[in-house]
Colleague: 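Sharing a structure below in structure tokens format, with a few things to ask.
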Number of protein chains: 2
Amino acid sequence: MQRQWQKQMKKDSSTEEKIRQAARQVFLAKGFAGCTSREIAEVAGENVALVNYYFRSKGQLYKLIFEDALEDFVNSMVVVFGSDKSLKEKMTIFIEKEYAFLAKHPEIPAFLLNEMNREDGCSIHSNVHFEKIAATGVFEQCIKAQQEGSMRPIDLRSIPLLIMSNCHYPIMAKNLIMHLQGMNDNEYEENLKQHREHVSQMLVNYLFPEK
Amino acid sequence: MQRQWQKQMKKDSSTEEKIRQAARQVFLAKGFAGCTSREIAEVAGENVALVNYYFRSKGQLYKLIFEDALEDFVNSMVVVFGSDKSLKEKMTIFIEKEYAFLAKHPEIPAFLLNEMNREDGCSIHSNVHFEKIAATGVFEQCIKAQQEGSMRPIDLRSIPLLIMSNCHYPIMAKNLIMHLQGMNDNEYEENLKQHREHVSQMLVNYLFPEK
DNA sequence: ACCTGTTTTAAACAACCATTTAAAATGCTT
DNA sequence: AAGCATTTTAAATGGTTGTTTAAAACAGGT
């Protein structure tokens, strides 16, 4: 007996959803081993047993959150690459959007990265994410640009790495750099704006050399 | 009653040192919350109680390892900056050495970074590390180069960030990138060599523009 | 009001955690 | 060989972990 209005309710404010959101918040902040089921339930304002009632186990819930975060992460790329701009424009826009996205979700890169390094971690068992990016045709666009000579002829696999390095690291390493350089939060955020411009210029200059 | 030869012994193969090394290995691989005292003792091949006997607590031992790793990390920078080469040369050499260092200690960047993001984590309570780098005079060298026009006049705090982003991220994100792009270990390592060249060229081109 | 399936609760569970204890083993000095 | 401090051990401590249980509360249909 399916009651549609109940299913709808689930996606909004049900206990299940409250726990899911609490789990996302806590897992992203502290990682799998760094938190407890009880902590998640507490943040959700619900009983501990409900975590297992709705999600069977802490690990199962974690997998769900991981896939969720990975999807957000990949989607934030796909949007830009799927447009019909030139490669140079796409990259400039992407860097802009990526910095904006990471300002809202600063924990995602480190979360995914750590999870992939965890032994027995949630390895990525399908290439659906890669295909999503490939489906935008951005790789063909690169090959064409390289043939035309407008783009530096480098291994295509190095390009995402160059971009991600310069977008993700400054967010992930905020606390490390801040402390090492004796800055405070405001100073760092201010510096980040300048830094974004340098990253943008540097990458464009390198990948699309003039002459 | 201090027995000097015993103190010497401690630094080599004593139980204390065995535990310290085991702790370093395990902490770097799994983080503080991701492992147990028993696991460390097991790797060291010693009794669990000895962890507390020699280091009082898991947290105390962790702090020791953290400082240790941070020092290695900073030292790997100081060596290069302290030489009497030109800035451009220093940077090229540094990137080379950093990639080599990280090939041997790939877990260090993520370890330090995560620790700095951990609530109640080992924040850096002294600026001795920063001063070690400053003492090489590399910052003055930068200012002079910027005044001469041989170096792009950007905020000095952005320069370490640019370099570290492009040196550390490709190591830290190995598993993530590998899985997303469907590569294997050998392919990634191969790609990394090319990538290092791009990083080197790109940074030099940007920071020391010709004309 | 009663039945029925779902949701929530407090309590209990065994397993494991970091740490402590007290006794045993070890090695050096005399 | 005896004495002594240091080192190592097995066992126990109290607390916390993820998960299960069984009963209670709640809902809608009849």
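Proteins get letters first, then strands, A, B, ... in listed order; numbering begins at 1 in each.
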Colleague: Check whether any side-chain N or O of Y53(B) sits under 4.0 Å from OP1 or OP2 of dT7(D), and answer yes or no.
Modeller: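 For Y53(B), the contact criterion (side-chain N or O under 4.0 Å from OP1 or OP2 of dT7(D)) is met.
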
Colleague: Without decimals, in angstroms, what is the distance between I40(A) CD1 and dT16(D) C1'?
Modeller: 15 Å

Colleague: Near DNA chain D, which residues from residues 29-37 of chain A have a heavy atom under 4.0 Å away?
Modeller: C35(A), T36(A), S37(A)

Colleague: What is the distance, to the nearest angstrom, from the CD atom on E39(A) to the C1' atom on dT19(D)?
Modeller: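 After rounding, the reported distance stands at 18 Å.
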
Colleague: In terms of side-chain heavy atoms, does N205(A) have a donor or acceptor partner in Q201(A) at a distance below 3.5 Å?
Modeller: no

Colleague: What stems show up for DNA chain D when you take Watson-Crick pairs (N1-N3 plus N6-O4 or O6-N4) and G-U wobbles (N1-O2, O6-N3), both under 3.5 Å, and require three or more consecutive pairs?
Modeller: C:4-28 with D:3-27

Colleague: Heavy atoms within less than 4.0 Å of DNA chain D: which residues of residues 56-66 of chain A have one? Give them sorted by number.
Modeller: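 Within residues 56-66 of chain A, the residues near DNA chain D are S57(A), K58(A).
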
Colleague: Between protein and nucleic acid, restricted to nucleotides 11-13 of chain C and to nitrogen or oxygen atoms under 3.5 Å apart, what atom pairs and distances do you find?
Modeller:
none

Colleague: Closer than 4.0 Å, any side-chain N/O of Y54(B) to the OP1 or OP2 of dT8(D)?
Modeller: yes

Colleague: Check residues 61-70 of chain A and write down every donor-acceptor pair under 3.5 Å in which the side-chain atom is one partner and the other belongs to a residue at least two apart or another chain.
Modeller:
unit_1 : atom_1 : unit_2  : atom_2 : d
Y62(A) : OH     : E115(A) : OE1    : 2.8
D68(A) : OD2    : R24(A)  : NH1    : 3.1

Colleague: Does a side-chain N or O from T15(B) land closer than 4.0 Å to OP1 or OP2 of dT7(D), or not?
Modeller: no

Colleague: Figure out the CG/P separation between N52(A) and dA10(C), and round it to whole Å.
Modeller: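 After rounding, the reported distance stands at 16 Å.
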
Colleague: To the nearest Å, how far apart are I19(B) CD1 and dA18(C) P?
Modeller: 14 Å

Colleague: Expressed as a whole number of angstroms, how long is the span from L50(A):CG to dG18(D):P?
Modeller: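 The answer, rounded to whole Å, is 15 Å.
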
Colleague: For residues 162-181 of chain A, dump all side-chain donor-acceptor pairs below 3.5 Å to protein atoms at least two apart in sequence or in another chain.
Modeller:
unit_1  : atom_1 : unit_2  : atom_2 : d
S165(A) : OG     : L161(A) : O      : 2.7
N166(A) : OD1    : N166(B) : ND2    : 3.0
N166(A) : ND2    : L162(A) : O      : 2.8
N166(A) : ND2    : N166(B) : OD1    : 2.9
H168(A) : ND1    : Y169(B) : OH     : 3.1
H168(A) : NE2    : E98(A)  : OE2    : 3.0
Y169(A) : OH     : H168(B) : ND1    : 3.1
K174(A) : NZ     : D185(A) : OD2    : 3.0
K174(A) : NZ     : E189(A) : OE2    : 3.1
N175(A) : ND2    : M116(B) : O      : 3.4
N175(A) : ND2    : N117(B) : OD1    : 2.8
H179(A) : ND1    : N175(A) : O      : 2.9

